[in-house]
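Read the structure below first, then the notes.
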Amino acid sequence: MGSTHAMGGFVIWFALERAHLSPPLGIVVLVIGSLLPDIDHPHGTLRQVMDLPKFLAQPVNEILPHRGPTHTIWAGISFSLLTIGLAAWAGNSLLVTLGTGLAMLIGYGSHLVLDSLNPSGVKWLSPWKDSKLHGPIRTGSRGEEFFCYGLIVAFILAALWQY
């Protein structure tokens with residue numbers, strides 16, 4: 001579910017922000033990164049926002065099967081490098097540029113971790129290694145709902161965190 005992925009990215013960003021480790025656009029990049037892997041799913045949050053015309057949607061569905069190439073660490077690294085390139089092109093300092101790329105990788109990674117909790121799992125290292133990490137929480141289930149509540153509690157704890 002997009003809301004669980006977005007909440008996971010938001011909780012991570014908030015914890016980084018409380019520790020003064022988030023770049024200026026950290027929340028935007030981290031949450032986009034947490035939603036980006038589901039660009040391969042017709043009901044993925046970012047895919048719905050893009051609203052592809054039907055003549056493009058079908059080829060995209062055939063080229064990018066759900067939990068295929070976009071659900072690998074290689075895609076996360078690629079999008080992070082693209083983010084670094086865009087941040088550098090925009091004239092940001094080296095520290096902000098690298099921080100923004102790291103925010104993308106952390107958000108992307110959080111999505112892969114959460115999808116690894118699902119029985120369908122994720123092939124993190126595909127195509128080099130086809131082993132799949134998977135867990136017991138089904139998408140849209142009561143278990144996912146409780147997990148999302150746990151993320152909300154984690155957010156509250158991060159908000160109360162005194163350092």
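Treat the numbers as computed from the prediction; the structure is a model and nothing was measured.
Note: the hydrophobic cluster containing Phe79 also contains Ile39 (ILVMFWY, side chain heavy atoms under 4.5 Å, direct or indirect links). Trp89 and Val28 are members of different hydrophobic clusters when ILVMFWY side chains are connected at heavy-atom separations under 4.5 Å. A single hydrophobic cluster is seen to contain both Ile77 and Trp128, as judged by linkage of ILVMFWY side chains at heavy-atom distances under 4.5 Å, directly or through other members. The hydrophobic cluster containing Ile106 does not contain Leu95, counting ILVMFWY residues as joined when their side-chain heavy atoms lie under 4.5 angstrom apart, directly or transitively.
The only option from Tyr149, Phe14, Trp13 that meets the ring-ring contact (aromatic ring centres under 6.0 Å, His included) definition with Phe155 turns out to be Phe14.
For Trp74 and Trp124, the ring centers sit 6.0 Å or farther from each other.
Side-chain atoms of Tyr108 and Ser34, non-hydrogen and from C-beta on, never get closer than 4.5 Å to each other. His111 has its side chain out of reach of Leu36: every pair of non-hydrogen atoms, C-beta onward, lies at least 4.5 Å apart. The closest side-chain heavy-atom distance from Arg138 to Pro119 is below 4.5 Å. At a threshold of 4.5 Å between non-hydrogen side-chain atoms, the residues Lys123 and Thr72 do not count as touching. The closest side-chain heavy-atom distance from Thr100 to Asn92 is not below 4.5 Å. Between Phe147 and Thr4 the shortest side-chain heavy-atom distance falls below 4.5 Å. Considering only heavy atoms from C-beta on, Leu16 comes within 4.5 Å of Ile12 through its side chain.
In this structure, CG on Leu114 lies 8.5 Å from CD on Glu144, to the nearest 0.5 angstrom. Taken to the nearest 0.5 Å, the OG atom of Ser80 stands 11.0 Å off from the CG atom of Leu98. Summarising the geometry, atom OG belonging to Ser120 is positioned 6.5 Å from atom NZ belonging to Lys132; distances are rounded to the nearest 0.5 Å. Atom CG of Leu86 is separated from atom CG of Leu82 by 4.5 Å, given to the nearest 0.5 angstrom. Taken from OG in Ser141 to CG in Asn118, the straight-line distance is 8.5 Å, to the nearest 0.5 Å. Expressed to the nearest 0.5 Å, how far CG of Leu105 lies from CG of Leu30 amounts to 9.5 Å.
Nearest heavy atoms, Met104 versus Gly33: SD-CA, 3.4 Å. In this structure, Pro69 and Leu64 approach most closely via the heavy-atom pair CG-CD2, 4.3 Å. Of all heavy-atom pairs between Gly143 and Ile137, the closest is C-CG2, 3.7 Å.
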Audit row: Ile73, Leu125, side-chain contact (heavy atoms from CB on, under 4.5 Å) steps and yes/no: CA-CA 6 Å; Ile73 194 61; Leu125 300 174; 3.8 Å; yes
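For the residue pair Thr70 and Asp40, a side-chain donor N or O sits within less than 3.5 Å of a side-chain acceptor on the partner.
Ring pair His66/His71 is perpendicular by interplanar angle, where above 60° counts as perpendicular and below 30° as parallel.
Screening residues 63-87 for salt bridge (Lys or Arg N to Asp or Glu O under 4.0 Å), with sequence neighbours left out, gives Arg67-Asp115.
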